[in-house]
Peer 1: 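The structure that follows is given in the form of structure tokens.
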Amino acid sequence: MAVYTRLGAEEMAAIIGAFDVGTLVSAKGIAEGVSNSNWLIETQDSSGAARRFILTVYEARTDVQDLPFFLDLLDHLAARDCPVPRTMHDRDGASHRFHEGKALALIEFLPGVSVSDPAPAQARAVGAALAQVHLAAADFGCERVNSMGLAAWQQLLGDCGREGLEAIHPELARIVEHELALLSARWPANLPRGVIHADLFPDNVLMLGDTVTGLIDFYFACTDITAYDVAVTHAAWCFNADGTRFLPALSSALLEGYDSVRPLLDDERKALPLLARGAAMRFLATRAYDWLNTPDDALVTLKDPMAFARRLEFYANPANASIFAS
Ligand SMILES: Nc1ncnc2c1ncn2[C@@H]1O[C@H](COP(=O)(O)OP(=O)(O)OP(=O)(O)O)[C@@H](O)[C@H]1O
Ligand SMILES: N[C@@H](CCO)C(=O)O
């Protein structure tokens with residue numbers, strides 16, 4: 001249950017009272033998510049209309065210094081008609097506040113559900129929405145370094161150690177060593193860069209039918225290679241959960257959807273096999289680290305690192321490079 005912070009009814013009413021969003025009617029803790037504490041908030045405004053919001057209290061994993069980047073980005077993208085929630089600003093105009101030393105923000109509630117078994121039309125819509133974000137973010141003035149880039153993969157996997165990786169799977173240390181060396185040597189330097197979401201998994205997309213109603217959880221958003229975001233989204237959407245089966249119809253649909261809004265440049269397309277190996281390595285790294293370092297009594301369901309080791313092997317196989325050809 002991702003509610004790490006306890007808030008009494010009076011405290012909650014005082015927090016919501018700092019925003020011009022009506023009177024608090026209910027606050028329900030949201031089970032999904034592991035990083036921060038989230039509540040679904042209902043209020044009633046002066047005309048009697050019901051309104052809904054998400055209250056997020058940021059826990060240790062989110063650096064408060066980054067909040068202006070994340071929250072201003074939502075406002076920037078929403079103003080350009082991207083399907084992202086707006087940030088509600090408080091009565092002083094601030095996008096986030098502090099309560100008992102923790103930062104919090106009130107975010108627009110968007111309808112929709114996260115799909116667990118996407119159809120090609122849904123993957124197409126997600127590809128198009130991602131491209132829309134990339135275009136709309138072009139004039140966003142702020143930058144943020146990718147804290148989950150190549151250096152972080154090396155650090156996390158180094159911390160896992162050869163023995164740790166071999167305990168996860170006997171072949172994992174060998175695969176990681178070989179792939180990290182290759183990625184360090186070949187990671188592209190000259191591809192177009194911009195703001196990327198960097199974590200656009202199905203659980204971070206709200207949909208109604210084939211329509212994307214919300215892209216959420218921008219807490220890894222950063223400035224990096226734009227096509228790397230396509231690779232991340234590809235790795236997240238185009239395989240079954242354990243990574244044993246590539247789903248070609250989802251892959252074609254996702255890439256077509258993206259291209260229909262922002263056609264990939266030839267150089268970007270050529271780089272996708274390598275960028276996808278990097279994307280698979282990024283999630284392998286955080287999952288392997290968490291697998292070995294999360295206490296047994298922690299209230300989180302660990303995600304399987306091997307699901308991304310299998311994707312990595314798929315992308316590394318030259319016979320599969322053609323999936324990215326136009
Ligand atoms: N703007 C929104 N509109 C509707 N529902 C939302 C919105 N933002 C978040 N949610 C709901 O809250 C849940 C948790 O949100 P989120 O994924 O941002 O939490 P988190 O703890 O930061 O995530 P994670 O652990 O995935 O990093 C989502 O799965 C979704 O159900
Ligand atoms: N989406 C990530 C978790 C957040 O980085 C994963 O599935 O491993």
Side-chain angles (χ1 to χ4, degrees), residues 1-5 21 27-42 51-63 66-67 70-71 73-75 77-78 82-88 96 102-116 146-149 152-153 156 196-208 212-222 229 231-237 239-243 279-291 294 298-312:
M1 169 92 177
V3 178
Y4 306 101
T5 300
V21 293
K28 299 192 179 86
I30 297 178
E32 289 96 341
V34 292
S35 305
N36 297 310
S37 298
N38 292 294
W39 290 261
L40 171 60
I41 301 291
E42 290 197 15
R51 299 180 67 187
R52 290 202 278 188
F53 305 92
I54 299 289
L55 174 70
T56 301
V57 171
Y58 296 97
E59 307 290 347
R61 281 179 103 160
T62 306
D63 187 342
D66 288 330
L67 284 180
F70 299 141
L71 299 173
L73 177 62
L74 291 181
D75 287 343
L77 296 174
C82 291
V84 307
R86 278 167 209 281
T87 309
M88 308 314 295
H96 63 284
K102 288 185 180 176
L104 58 84
L106 193 64
I107 312 261
E108 180 188 13
F109 173 87
L110 294 176
V113 290
S114 300
V115 292
S116 37
N146 187 357
S147 55
M148 278 297 152
W153 315 338
L156 289 163
I196 67 169
H197 182 286
D199 191 28
L200 199 58
F201 278 60
D203 61 353
N204 289 331
V205 179
L206 302 173
M207 304 199 76
L208 285 175
V212 173
T213 51
L215 305 178
I216 60 171
D217 207 351
F218 277 73
Y219 301 115
F220 287 106
C222 57
D229 217 10
V232 165
T233 311
H234 191 275
W237 284 77
F239 295 81
N240 67 339
D242 69 7
M281 183 65 89
R282 179 261 182 256
F283 296 102
L284 166 56
T286 44
R287 286 178 172 211
Y289 183 88
D290 289 348
W291 194 266
T294 304
L299 296 173
V300 292
T301 310
L302 288 174
K303 297 183 178 185
D304 180 10
M306 291 311 293
F308 278 80
R310 292 183 195 109
R311 285 161 165 87
L312 178 53

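Throughout, residue positions are numbered sequentially from 1 according to the sequence presented. Every number for a ligand or one of its atoms is a count from 1 in the order of the listing.
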Peer 1: Counting heavy atoms only, which part of Thr56 comes closer than 4.0 Å to ligand 1: side chain, backbone, both or neither?
Peer 2: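 Neither part.
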Peer 1: Is the closest heavy-atom distance from Leu206 to ligand 1 below 4.0 Å?
Peer 2: yes
Peer 1: With respect to atom 8 (N) of ligand 1, which of Ile54, Asn38, Leu40, Asn204 exhibits the smallest heavy-atom separation?
Peer 2: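 The nearest heavy atom belongs to Ile54.
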Peer 1: I need the contact type for Phe220 against ligand 2. Using non-hydrogen atoms and a strict under-4.0 Å cut-off, is it side chain, backbone, both or neither?
Peer 2: side chain
Peer 1: On a heavy-atom basis, I'd like to know which of Lys303, Arg287, Met148, Arg61 is closest to atom 3 (C) of ligand 2.
Peer 2: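 Going through Lys303, Arg287, Met148, Arg61 one by one, Lys303 has the nearest heavy atom to atom 3 (C) of ligand 2.
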Peer 1: Using distance alone, decide if ligand 2 has a nitrogen or oxygen within less than 3.5 Å of any nitrogen or oxygen in Thr286.
Peer 2: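 No; the residue has no nitrogen or oxygen that sits under 3.5 Å from a nitrogen or oxygen of the ligand.
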Peer 1: Please find the pair of heavy atoms, one from Pro305 and one from Trp291, that lie closest to each other, and give the distance.
Peer 2: CD-CE3, 3.4 Å
Peer 1: Given Ala31, Gly112, Ser35, identify the one with the heavy atom nearest to atom 21 (O) of ligand 1.
Peer 2: Ser35
Peer 1: Hey, are the side chains of Leu215 and Cys82 touching, using non-hydrogen atoms and a 4.5 Å cut-off?
Peer 2: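 Sidechains of Cys82 and Leu215: no contact.
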Peer 1: Could an N or O of ligand 1 be found under 3.5 Å from any N or O of Asp203, whether backbone or side chain?
Peer 2: no
Peer 1: Step through it carefully: locate the ring centre of Phe70, locate the ring centre of Phe218, and say whether they are under 6.0 Å apart.
Peer 2: no
Peer 1: Measure across Val57 and Asn36 and return the closest heavy-atom pair with its distance rounded to 0.1 Å.
Peer 2: O-CB, 3.4 Å
Peer 1: Angle class for the Phe201/Phe308 ring planes (parallel below 30°, perpendicular above 60°, tilted otherwise)?
Peer 2: tilted
Peer 1: Look only at interatomic distance and state if Tyr219 has a nitrogen or oxygen under 3.5 Å from any nitrogen or oxygen of ligand 1.
Peer 2: no
Peer 1: Between Arg282 and ligand 2, find which residue part has any heavy-atom pair under 4.0 Å and reply side chain, backbone, both or neither.
Peer 2: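 Answer for Arg282: side chain.
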Peer 1: Report yes if some N/O of Ile216 lies less than 3.5 Å from some N/O of ligand 1; otherwise report no.
Peer 2: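 There is no such contact.
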Peer 1: Given that the side chain starts at C-beta and the backbone is N, CA, C, O, which of these parts of Asn36 lies under 4.0 Å from ligand 1, counting heavy atoms, or is it both or neither?
Peer 2: both
Peer 1: Please could you name the atoms of ligand 1 that Ile30 approaches to less than 4.0 Å, counting only its heavy atoms?
Peer 2: 12 (O), 13 (C)
Peer 1: Check each heavy atom of Pro85 against ligand 1 and say whether those closer than 4.0 Å belong to the side chain, the backbone, both or neither.
Peer 2: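 Near ligand 1, Pro85 shows its side chain, while the N, CA, C and O stay back.
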